[in-house]
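Comments concern the structure below.
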Amino acid sequence: MTLEILTIPCLSDNYAYAINDSDSGETAVIDVPDAAPILRAISFKGWGLYQIQLTHHHDDHIAGVELLHQAIEAPIIGARADMDRLPPLELAVSEGDTFALGTEPVHVYDVSGHTKGHVAYYYPGAEALFTGDSLMVMGCGRLFEGDAQMMWASLSKLMELPAQTRIYSGHEYTAANAKFAMSIEPENRALIERTRQISELRARGEPTMGATLELELATNPFLRAARPEVKSALGMEGAPDWQVFAEIRRRKDNF
Ligand code: ZN
Ligand code: FE
C-alpha cells in the first residue's frame, strides 16, 4: 500500500482528508472546510500539496479553498456539472472520468442527491472512497437539491464497489446516524454491535471514518432499502426500493 490517508477534523463536525502517494510524493486534499488545520496537518507530515479535490459546492466543504490555494497553489478539481458554484477549476470532471494522483488512478462518480453535481472520488489503490455528503458513514446526506430517486441511484452505484472499500464522508454524524438506524432495525445484530463500537470510539474522541462498505451494507439503513426485512419493518413489502429509501430519508428528517 503506497497511499496514506489523513483524516483532518475541521469546523465543528466536518472532515477534510489528505491522501499521499509515497511513490510520487504527491498529496491531494479532499474538501477544504477550513485551510488552517489542513495546512498544519500536511506540513506536520512534510507532504507537498499537488491537488485540491472538491465533492460539492456547500460552504462547509469549500470555505477554505481560497486561503489554501493562496498558501499552496495546487490545481483545483471538481464537478463539471457544478462549475458555476465551485471555485475556479483547473480540472472539471464527470461521472466515469479517471485522473491520476501521482501514479494512482482516481475514479469519479456522480452521486447527486444532496446537491446536483455532487461527486465522489474512488481510489482503488487505497480501497478508499471519499463521499462528501452523499453516502455518509451509517447515513446519507439530506436531499437539498435532488430527490429520493436520484440519491438512491447514486448510492446504488457506490454499493457495487468492492466490499472492502473504506468510506470517508464529510461529517462526523455517525453516532446520531446509528441511533436513527436502531429505530429502523432494532433487532439487527450487526447494527447493535456496531452502535456499541461507535459510542466507544466517540467517547475517546476518535473519528468513525474508514468503515468498510461491507459493514455499511450490513448496518446503514439507507443502503438497506432493498432488503425484505427492512421493507417489512416499514410495512412496505413489495414497494420499489427507491420508495423505501424515500421513506427512510423522510423518517430521518423528522427524527
Ligand atoms: Zn453539503
Ligand atoms: Fe456538509
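Remember, it's 1-based here, ligands and their atoms both numbered in the order they're listed.
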_Show, in sequence, the C-alpha distance, side-chain angles and deciding distance for Glu95 and Val111, and conclude whether the side-chain contact (heavy atoms from CB on, under 4.5 Å) test is met._
CA-CA 9 Å; Glu95 166 84 17; Val111 287; over 6 Å; no

*Test salt bridge (Lys or Arg N to Asp or Glu O under 4.0 Å) applied to Arg189 and Glu193, step by step*: CA-CA 6 Å; Arg189 298 185 68 100; Glu193 170 59 15; over 6 Å; no

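With rounding to the nearest 0.5 Å, the separation of OG1 in Thr27 from CG in Asp21 is 8.5 Å.
Residues His61 and His171 are in side-chain contact: their nearest non-hydrogen atoms beyond the backbone lie under 4.5 Å apart. Side-chain contact between Phe222 and Met151: absent, with no pair of heavy atoms (C-beta onward) separated by less than 4.5 Å.
Between NE2 of His61 and NE2 of His171, the angle at the Fe ion (ligand 2) works out to 100°, rounded to 10 degrees.
For Asp60, the N/O/S atom at the shortest distance from the Fe ion (ligand 2) is named OD2. Of all N/O/S atoms in His58, ND1 sits nearest the Zn ion (ligand 1). Note on Asp133: its N/O/S atom closest to the Fe ion (ligand 2) is OD2. Distances from the Zn ion (ligand 1) to each N, O or S atom of Asp133 single out OD2 as the nearest.
For the ring-ring contact (aromatic ring centres under 6.0 Å, His included) test with Phe130, the passing option among Tyr168, Tyr122, Tyr121 is Tyr168; the others fail.
His114 lies apart from the Fe ion (ligand 2) in this respect, since none of its N, O or S atoms is found at a distance under 2.8 Å. For the Zn ion (ligand 1), the N/O/S atoms of His118 include none lying under 2.8 Å.
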